[in-house]
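Below is one structure; the comments refer to it alone.
Every chain is numbered from 1, with letters handed out A, B, ... down the list of sequences.
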Amino acid sequence: MKMIEAVTDSLPDLDSDKKAKSLFNFGKCRVCKDKATGIHYGVASCEGCKGFFKRSVEKNEKYVCYFGYKCEITPKQRKKCKFCRWKACLAAGMSFEGIKMGRIPKIEKERAKFCTDSLSDEEQDPKMDVDIDVQAKNSPSSNSLSPVPYNGDLVPVKKTYPDLVYFDQPSVKVINSDDFLVSFEIDKLLEPQLERSHLVFSMLRDRCYQLFVQFTEKYEKQYDRALRVLRKLEASLVNENLSKAELWENFVKETSYHTKTSFMYVKQLPGFETIDPNDLITILDMNIFILYGLRVQKLFINGEHYIIHDNNVQFNRNNMYKCFGIDLTNRIMYYHARLNSLNMSNQEISLLIPYVLSSTKSDFVDPDSIRTVNEYYKHALAQEFLVSKRSPTFINQLAQYLSYTVEISNKCRNLQITDS
DNA sequence: GTAGCCTTGATT
DNA sequence: AATCAAGGCTAC
């Protein structure tokens, strides 16, 4: 008997043959290239990606990529970046609208087989290389996804899932890209006639850059240090054992330093001396966080924060979590990642700052002066963008990214109230 | 949280 | 009845 049992047990081939007959080969998972176990949410996919998609939708997850928004999704690496995996799920065409219960009609099955086979034969990698524009939400035309699960008309092309859920689309504008684009066009058209203005603008440009260099001197040194750490020439400064209270104390000190030096800096910006001192304080107060972000922008590298606080403490993501909580930290990191992707020059940032500051809306004592200053910087910045050959897309993106700071600033203020 | 396996119920 | 995917369960 034992022999027989052993023999029958050792003959899984029969079983698997039976199973193999009933099991349709779905090829590779269209999300991660693992073995697909069936059509899940409209896409041939593995159990892992099926579950991941379900969990993501159920919990209305808001993922963030810390590695440049183009992570490769493979069976081994798929757990590393939820954002890119989620993006891949959508790119593959997963959606709840695509759900279909029950038996698959024979013709559809054949069609699916044909498509999956031909897809796994020729490398489909280029599909995933499509530059992932996380801003696709409001510009469905250009970079939005075009999921094509299967060709042909027998299997309907699945609709894209509404969209990635990022942080809520901000409604408040920090800068007005429309106004800006108009000025951009005027500068382009009237370039020869604006020579005199150009002189003014180039003076603005030089002075602002000079001030910006002073303003960011401390962080420029930290940037060099960060690069050394990244190249493993210097040990990391991370201290994971600091308490929230200690980290908070550091943060408060840094903020205090920032506020003081910002005031000195802003006062020297060309044109800002014409602004009423009370208004200047209002402007600074309303923009203190956005200004800090632009000041230390360079220190956000590859999804990590390399700012160094007092006592040589790197205020990295983990330390930020402790201080700010996950949501705010993610928002900040996300904002900087997006802004970083624009690769703005120091010249651009040095003109962007006064432009943003003078774009502030509030009940000012003397709003006219601010408006005048704002006009000058708008043209100077447009000029600078022209030199850098920036596209209107760039300007729209910049405006959009900057608007993320509104929510961040609000949350930063709330932090101060609840934690001090 | 992830993913392999199992149950349930819809569809042919 | 057979076949399929969604969702539940649960060991990692």
Side-chain angles (χ1 to χ4, degrees), chain A residues 9 11-67 69 71-117 119-120 128 147-150 152-162 164-167 303 317-318 321-322 325-327 329-330 333-334:
Chain A
D9 280 351
L11 288 172
D13 286 334
L14 272 173
D15 273 326
S16 69
D17 268 5
K18 269 185 189 171
K19 271 184 187 171
K21 269 179 191 168
S22 63
L23 277 179
F24 178 73
N25 178 19
F26 291 94
K28 292 180 185 173
C29 169
R30 304 269 276 114
V31 177
C32 73
K33 305 181 183 68
D34 200 353
K35 190 187 186 321
T37 61
I39 307 293
H40 305 297
Y41 306 103
V43 172
S45 46
C46 65
E47 287 294 314
C49 293
K50 165 189 143 188
F52 175 78
F53 183 79
K54 183 174 184 290
R55 285 193 300 275
S56 300
V57 175
E58 273 176 352
K59 296 186 188 172
N60 191 18
E61 291 283 5
K62 299 175 182 186
Y63 301 132
V64 172
C65 174
Y66 299 110
F67 311 100
Y69 298 92
C71 305
E72 201 187 347
I73 304 301
T74 63
K76 279 200 168 183
Q77 289 186 292
R78 66 190 177 201
K79 276 193 261 193
K80 282 192 181 163
C81 178
K82 291 188 187 180
F83 181 98
C84 291
R85 188 182 191 182
W86 173 243
K87 195 79 190 175
C89 286
L90 298 182
M94 276 189 167
S95 80
F96 274 78
E97 289 110 83
I99 293 178
K100 205 168 164 191
M101 300 295 289
R103 216 178 137 145
I104 296 177
K106 221 175 185 174
I107 311 171
E108 249 176 75
K109 217 163 138 184
E110 287 306 313
R111 164 71 61 143
K113 181 172 161 49
F114 173 78
C115 290
T116 43
D117 285 351
L119 270 168
S120 49
M128 303 314 297
V148 187
Y150 307 120
D153 37 6
L154 288 172
V155 178
V157 171
K158 302 295 185 288
K159 278 190 207 166
T160 350
Y161 193 69
L164 282 180
V165 189
Y166 306 98
F167 299 117
R317 183 143 31 97
N318 277 341
Y321 280 156
K322 282 195 211 167
I326 286 189
D327 179 63
T329 303
N330 279 346
M333 299 306 272
Y334 179 71

No-H, no-angle donor-acceptor pair, K54(A) side chain to dG8(C) base, under 3.5 Å:
no

In whole angstroms, how far is the C1' atom of dA6(C) from the CZ atom of F53(A)?
13 Å

Considering only side-chain heavy atoms of E47(A), which listed nucleotide, dA6(C), dC5(B), dT2(B), is closest?
dC5(B)

Can you figure out which of dT2(B), dC5(B), dG7(C) approaches the side chain of Y41(A) most closely?
dG7(C)

Do Y63(A) and R85(A) come close enough that some side-chain heavy atom pair is under 4.5 Å?
no

Nearest whole Å is fine: how far is dA3(B) C1' from K76(A) NZ?
16 Å

Of the options dG1(B), dC5(B), dA3(B), whose atoms approach the side-chain atoms of K50(A) most closely?
dC5(B)

Please report, rounded to the nearest Å, how far the C1' atom of dA3(B) is from the NZ atom of K82(A).
14 Å

Out of R78(A), E47(A), K82(A), which residue meets the side-chain contact (heavy atoms from CB on, under 4.5 Å) rule with F52(A)?
K82(A)

Side-chain N or O of R85(A) versus OP1/OP2 of dG1(B): is the shortest distance under 4.0 Å?
no

Taking the inter-plane angle between the rings of F53(A) and W86(A) on a 0 to 90° scale, is it parallel (under 30°), tilted (30 to 60°) or perpendicular (over 60°)?
parallel

Rounded to the nearest angstrom, tell me the gap between atom CZ in F52(A) and atom P in dA3(B).
9 Å

For R30(A) and dA5(C), give me the distance from atom CZ to atom C1', rounded to whole Å.
18 Å

Interatomic distance, R30(A) atom CZ to H40(A) atom NE2 [nearest 0.5 angstrom]:
14.0 Å

Rounded to the nearest Å, what distance is computed from the NE2 atom of residue H40(A) to the C1' atom of nucleotide dA5(C)?
7 Å

Would you mind classifying the nucleic acid contact of G38(A) as base, sugar-phosphate or nothing, using non-hydrogen atoms under 4.0 angstrom?
sugar-phosphate

Hey, does S56(A) have a side-chain heavy atom less than 4.5 Å from the side chain of C89(A)?
no

Can you see if the side chain of R78(A) gets near the phosphate of dA3(B) - specifically, an N or O under 4.0 Å from OP1 or OP2?
yes

dA3(B) P sits how many Å from I73(A) CD1, rounded?
11 Å

Rounded to whole Å, please give me the gap between CD1 in I39(A) and C1' in dT12(B).
17 Å

